[in-house]
Amino acid sequence: MTDALSERITPAPLDGSKRTWLIATSCVGAAGVVGLATPFVESLEPSEKARAAGAPVKIDISSVALGEIKTFAWRGLPIWVLHRTPVMLDSLKTDTSMLLDPDSKLTGLPTPKYAQNEWRSIKPEYLVLIAICTHLGCIPTPKLKAGPQPLLPDNWPGGFFCPCHGSMYDLAGRVFKDVPAPLNLQVPRYMYTSDTEIMVGEDKEGKA
Ligand code: FES
């Protein structure tokens, strides 16, 4: 997906069947993002399809370079892993008055306790999010670079932009005020299984 609003995705409610449809017909494009241009789940290998159907998935986060974001699959959903730089992390400490729920207090899509911090993650450098806009279910576009750019405010801190109706999220997936999306991007249950691997869909041990 480019910056152009003309590449809108048809909004869909966030129920399971529509969400699957949405993912199968949506695409994400940005530097470093694994493309979803072909039907998302259908493009997976058989073993990956089984995992996408519901089982927890292991993700090798060492494959995500510093400053890069990649998309993985879990339960038919796109999962982002963003490897944040120190500059990106610093951007989360600046003025949060433009954010609707900077401390992840809203419970519509509860943030796991281990991610109820300014980074919304277990380890600050790795952000793990479900890449579904909390308005009507489009897949936002990563806009990781800070600063003025088309369709975004001049003081853009870096984050995610949903082209469907203009919702904006910061680099922790925290939603801006006065946009259609009512909630922060959802943090899935996850845990570290080693220094370089996470398990998405399970957090029984919750070790970091
Ligand atoms: S679906 Fe409406 S702003 Fe994202």
Side-chain angles (χ1 to χ4, degrees), residues 1-41 52 69-82 88 91-92 96-102 104-111 115 120-121 127-188 200:
M1 185 179 296
T2 68
D3 291 340
L5 274 173
S6 59
E7 294 193 30
R8 289 166 188 253
I9 303 166
T10 302
L14 277 171
D15 64 86
S17 60
K18 293 281 177 51
R19 178 179 274 166
T20 300
W21 172 87
L22 172 71
I23 292 163
T25 55
S26 301
C27 64
V28 170
V33 178
V34 174
L36 299 172
T38 54
F40 183 63
V41 173
I69 186 168
K70 281 190 175 179
T71 307
F72 301 87
W74 170 63
R75 289 188 179 169
L77 301 174
I79 300 294
W80 278 332
V81 175
L82 170 62
M88 289 173 167
S91 80
L92 305 179
T96 56
S97 62
M98 78 287 194
L99 301 175
L100 180 66
D101 181 23
S104 301
K105 300 278 192 211
L106 296 178
T107 56
L109 293 169
T111 300
R120 300 190 76 230
S121 59
L127 176 67
V128 183
L129 290 175
I130 297 176
I132 301 287
C133 180
T134 62
H135 180 218
L136 290 174
C138 292
I139 299 178
T141 302
K143 295 284 188 184
L144 306 183
K145 193 167 163 239
Q149 50 203 290
L151 307 177
L152 296 171
D154 285 350
N155 60 349
W156 179 244
F160 307 94
F161 174 70
C162 184
C164 290
H165 312 96
S167 291
M168 296 176 283
Y169 306 86
D170 76 353
L171 286 168
R174 297 179 296 184
V175 69
F176 279 46
K177 288 176 181 167
D178 304 320
V179 299
L183 296 166
N184 294 336
L185 292 175
Q186 188 173 9
V187 176
V200 174

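Every number for a ligand or one of its atoms is a count from 1 in the order of the listing. Atoms considered below: every heavy atom in the structure, side chains included; atoms not considered: hydrogens, waters and symmetry mates.
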- Message: Let's go through R120 and T111 carefully: what are the C-alpha distance in whole Å and the side-chain angles of both, what is the deciding distance for side-chain hydrogen bond (donor to acceptor under 3.5 Å, both in side chains) to 0.1 Å, and is it a yes or a no?
- Response: CA-CA 8 Å; R120 300 190 76 230; T111 300; 2.9 Å; yes
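Ion pairing of R174 with D170 is present here, as a side-chain N (NZ or NE/NH1/NH2) and a carboxylate O approach within less than 4.0 Å.
With W80 as reference, I69 is the one residue of L127, V128, I130, I69 to meet the side chain to side chain contact (heavy atoms under 4.5 Å, CB included) rule.
Residue K177 qualifies as enclosed at atom NZ: its count of foreign heavy atoms under 6.0 Å is above 12.
The contact set between ligand 1 and S167, taken as ligand atoms under 4.0 Å from a residue heavy atom, comprises 3 (S). Proximity to C162 (heavy-atom distance under 4.0 Å) selects the following atoms of ligand 1: 1 (S), 3 (S), 4 (Fe).
Residue H165 counts as close to atom 2 (Fe) of ligand 1, with an N, O or S atom under 2.8 Å. Taking 2.8 Å as the criterion, C133 counts as a coordinating residue of atom 4 (Fe) of ligand 1, since one of its N, O or S atoms falls below it. In summary, C138 places no N/O/S atom under 2.8 Å from atom 2 (Fe) of ligand 1, failing the contact criterion.
Distances from atom 2 (Fe) of ligand 1 to the N/O/S atoms of H135 are shortest for ND1.
Two residues are said to be in side-chain contact when any heavy atoms from C-beta on lie closer than 4.5 Å; F161 and P140 fail this criterion.
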